[in-house]
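Written below as structure tokens is the structure these notes are about.
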Amino acid sequence: MPRSTDSEPLHTERRSRPRTSRGDEWRTAITEIAPNRIAVRGYPVDEMMGRLSFGDAIYLILRGELPTPSVGRLFSAALVSSIDHG
């Protein structure tokens, strides 16, 4: 892992070779971004908004599939219980 020095902060480090082509980009199955389309695991974001709970959306991102209603409630409860209420 790169380390910063007193003379040069970590955030100023640069790639040794700049990206020159689209082939250098990271590939992922989580999101797809194109003009007028953003999808998460194949589901359009605009269609998910207002239909999925936060827990359902996180489950979809992590597992790659929508949870069943009971698994969605359980996962949402686990997320809420992990919040530090102190």
Going from CG on D56 to CZ on R51, what distance comes out if it is rounded to the nearest 0.5 angstrom? 13.5 Å
side-chain hydrogen bond (donor to acceptor under 3.5 Å, both in side chains) with T31: which residues, sequence neighbours excluded? none
Provide the closest heavy-atom pair for A29 versus R41 in the form atom of the first, atom of the second, distance. O-CD, 3.8 Å
Grab the two heavy atoms, one from G42 and one from P44, that are nearest each other, plus how far apart they are. O-CD, 3.7 Å
Consider only side-chain heavy atoms of I, L, V, M, F, W and Y, link residues closer than 4.5 Å, and tell whether I30 and L60 are in one cluster. yes
Any donor-acceptor pair under 3.5 Å from S76 side chain to R73 backbone: no
Value rounded to 0.5 Å, distance of CG in L66 from OH in Y43: 4.0 Å
Interatomic spacing from CG in L79 to OH in Y59 - rounded to 0.5 Å: 12.0 Å
Single-linkage hydrophobic cluster, 4.5 Å side-chain cutoff, I61 and L52 together: yes
Same cluster for F54 and I83 if Ile/Leu/Val/Met/Phe/Trp/Tyr side chains link at under 4.5 Å? no
